[in-house]
Asks: 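Could you have a look at this structure, given as structure tokens, before my questions?
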Amino acid sequence: MITCPSCGKENHDGFAFCGYCRAPLAEQPPLPALEERKIVSVLFCDLVGFTAASERQDPEDVRARIRPYHARLRQEIERYGGTVEKFVGDAVMAAFGAPVAHEDDVERAVRAGLGILEAIAELNEADPDLELQVRVGINTGEAVVALGARPEQGEGLVIGDVVNTAARIQSAAPVNGVAVGEQTYRTTSHVFEYEPLAPVSVKGKAEPLSLWQAKAVRDRFGSDSTREYKTPFVGRELEKPLLIGSFERAAQQRSVQLVTVVGEPGVGKSRMVAELFAYIDAKPELIRWRQGRCLPYGEGITFWALGEIVKAEAGILESDSAEVAAAKLDAAVSPGESERQWLLQRLAPLVGVEAASPAERQELFTAWRRYLEGLAAAGPRVLVFEDLHWADEALLAFLEYLAEWSQGVPLLVLCTARPELYERRAGWGAGQRNAHTINLSPLSDQETAELVSSLVTATVLTPQLERAILEQAGGNPLYAEEFVRLLADRGLGSDQIVLPDTVQALIAARLDTLSPDRKSLLQDAAVLGKVFWAGALAEIGGRDAGELELALHELARKELVRSARTSSMEGESEYSFWHALVRDVAYGQIPRAERARRHRSAAIWLERKAGERVEDLAEVLAHHYLQALELA
Ligand SMILES: Nc1ncnc2c1ncn2[C@@H]1O[C@H](COP(=O)(O)OP(=O)(O)OP(=O)(O)O)[C@@H](O)[C@H]1O
Ligand SMILES: [Mg+2]
């Protein structure tokens, strides 16, 4: 058994990633930083009127009543990647975004809240005597997170005002309702339907809190590539023709092509797919397009993306019962199909119907391949698998098998993935003659500027503001869009740009896929600034030079840092952050006292390195010493 350094749960030997929180499990050095500042969402759930009722009951009866309730609560919370911090009698507190952050923690917290309401309804239905009623409150904000804490042993994980406020919101929530605070509402208002609640006043706060009630999920899982993009497409003059070329090749040569579009979050992978969709849509002939998405969480999702494709093909809806789904599948598989029953049985698990007899994996793969080949035989097909970095090993294996074994049908298998896919599967698509990768690098400044000016329609940005956005976005179109959106929300009058929550969450989640040691290295680098040197990192963290080089190489492969060809410091290899924002987020995570210490070490190293040139570096040195003093 290996204990996960992030969430403390036990995993089987030989696992590379934690099965609960997905943190890397490789042999970890002891945690370098024990605390981190993070944006977390805290969920409180309390039973209504339970305390009064339990006073009249025997303690054993109370315990028997509450046990299934606790178990279900935990199940709902963990299903969405939350951590149960504690049960206090009939109340539970859970954290999303700690110890490990995900880009959509706020959304997960609200999904869990709604999931709890459903679970309570189910418990009541199963045993009408229970009559359980709950209130759920959720709040999002910055907190100090104790990384090494073991909540299951009663150790506190999250500390901060965000916790107290969440408790307050919970007590103000309607019975059998989920109430959320402002930041939670703002981040997720496009995902859930909300209704405003009356504001409540809180001790120690001048302004009353604005509250909203989450009513329902708008859309189960958004679909990126068929989403309508209103902004013009810029750049990608080399990559777009490559993608179109792969499709044409599949269509004209009646062959299978496996294309993977790779790049960091927000760089434009889904948009590229959407561009191909637009190209195909404009063609006179009918070309069928289906897509599925790999999900970062949930149960029974190994082949979810493939399931989505088969469900769409058969017209099966999420709301359909198993019988209806089976009937629709039956109708969708053509009657002439020899081995029809065999095929139907193998397809059934993909659409959430239990098969009469379970089959071996290889047999399933064969069946699925034949089904997809059958679809493509009727005319060119595009199958899109979005977000392959979240795909289960088994789905990856199936896609490679499909690309290798299918022949004579016009089929483009188009995948999108972030670079971490290659961490898990270095050889993805390698060695296959019909597999290609399209790497998306950041947009040029000119392209970003073009995008930005198309986004600000009404007013013209001041040159300073435009320059600031270009610098911060670093060629990432999503970042650029988010900056402009926030600016528009706050009024273009301001001349300063602020880091949008969405971008913060995205980057924080990427940093949390790193091992604690790598992350601490990145935080050391952040203290030095956008540009840093390996020698300085060795000094601040007391690291071995060879090990350091390996670590930096890994961070470069993950597109977090890059090495400079020439160095501004003699004899020192120089690196920089891929994005200034990655630096800012990493820096923001370091607790204050730690920051002071690291600034001091940085100054000592620079001073020694500068030698006679110390005058040149006077300002930089002063900055580090000043920070060390101010933060201490
Ligand atoms: N070449 C481009 N021209 C104009 N806008 C773009 C371009 N590429 C991306 N965008 C915009 O940037 C935003 C993010 O792009 P997209 O959703 O495709 O990112 P992604 O790489 O799929 O990210 P993720 O890994 O999070 O799925 C979208 O709103 C998209 O319209
Ligand atoms: Mg995408």
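In what follows, residues are counted from 1 in the order of the sequence shown. FYI, side chains are in, hydrogens and waters are out, and symmetry mates aren't considered; it's all heavy atoms of this structure. Note that ligands are numbered from 1 as they come in the structure, with each ligand's atoms numbered from 1 the same way.
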Asks: For ligand 1, is G235 a contact, meaning one of its heavy atoms is under 4.0 Å away?
Replies: no

Asks: What do you reckon, does D387 put a non-hydrogen atom under 4.0 Å from ligand 1?
Replies: yes

Asks: Out of R485, R418, E482, R293, who gets a non-hydrogen atom closest to atom 24 (P) of ligand 1?
Replies: R418

Asks: Show every donor-acceptor pair shorter than 3.5 Å between a side-chain atom in residues 424-431 and any protein atom, with sequence neighbours excluded, or say none if there are none.
Replies:
from: R424; atom 1: NH1; to: H389; atom 2: O; distance (Å): 2.7
from: R424; atom 1: NH1; to: A391; atom 2: O; distance (Å): 3.2
from: R424; atom 1: NH2; to: A391; atom 2: O; distance (Å): 2.6
from: R424; atom 1: NH2; to: E393; atom 2: OE2; distance (Å): 3.3
from: R425; atom 1: NE; to: E393; atom 2: OE1; distance (Å): 3.4
from: R425; atom 1: NH1; to: E400; atom 2: OE1; distance (Å): 2.7
from: R425; atom 1: NH2; to: E393; atom 2: OE1; distance (Å): 3.4
from: W428; atom 1: NE1; to: T260; atom 2: OG1; distance (Å): 2.9

Asks: So if I count the atoms of ligand 1 from 1 in the order they appear, which ones are less than 4.0 Å from some heavy atom of L451?
Replies: 4 (C), 5 (N)

Asks: Regarding K519 and E36, does a basic nitrogen lie under 4.0 Å from an acidic carboxylate oxygen?
Replies: yes

Asks: With heavy atoms of F233 as the reference, note each atom of ligand 1 found under 4.0 Å away.
Replies: 1 (N), 2 (C), 3 (N), 4 (C)

Asks: With the threshold set at under 4.0 angstrom, would you say P232 reaches ligand 1 through any of its heavy atoms?
Replies: yes

Asks: For the Mg ion (ligand 2), does an N/O/S atom of T416 lie at less than 2.8 Å?
Replies: no

Asks: Please report the C-alpha distance between F365 and W405 in whole Å, then the side-chain angles of each, then the deciding distance to 0.1 Å, and finally whether the ring-ring contact (aromatic ring centres under 6.0 Å, His included) criterion is met.
Replies: CA-CA 11 Å; F365 280 16; W405 287 86; over 10 Å; no

Asks: For residues 237-247, run the donor-acceptor check on the side chains, cut-off 3.5 Å, and write out each pair with its distance to 0.1 Å, sequence neighbours left out.
Replies:
from: K240; atom 1: NZ; to: E275; atom 2: OE1; distance (Å): 3.1
from: S246; atom 1: OG; to: L242; atom 2: O; distance (Å): 3.3

Asks: CG of L383 to CD of E313: how many Å apart, nearest 0.5 Å?
Replies: 8.5 Å

Asks: Can you check ring-ring contact (aromatic ring centres under 6.0 Å, His included) on Y194 and W212, steps first, answer last?
Replies: CA-CA 6 Å; Y194 281 107; W212 284 263; 7.5 Å; no

Asks: Is there a polar contact between ligand 1 and L443, counting only N or O atoms under 3.5 Å apart?
Replies: no

Asks: Compare E450, E103, R271 and give the one whose heavy atom is closest to atom 31 (O) of ligand 1.
Replies: R271

Asks: For the 3.5 Å polar cut-off, considering only N or O atoms, please tell me whether M272 and ligand 1 meet it.
Replies: no

Asks: Would you say V267 touches ligand 1, if touching means a heavy atom closer than 4.0 Å?
Replies: yes

Asks: Test ring-ring contact (aromatic ring centres under 6.0 Å, His included) on F192 and Y185; report intermediate values, then the result.
Replies: CA-CA 9 Å; F192 303 100; Y185 164 74; over 10 Å; no

Asks: Rounded to the nearest 0.5 Å, how far apart are CD1 of I309 and CG of L372?
Replies: 7.5 Å

Asks: Who gets closest to atom 20 (P) of ligand 1 by heavy atom: K269, H389, E264?
Replies: K269

Asks: Where does E481 meet ligand 1, judged by heavy-atom distances below 4.0 Å: at the side chain, the backbone, both, or neither?
Replies: side chain

Asks: To the nearest 0.5 angstrom, please state how far the NZ atom of K38 sits from the CG atom of D105.
Replies: 9.0 Å

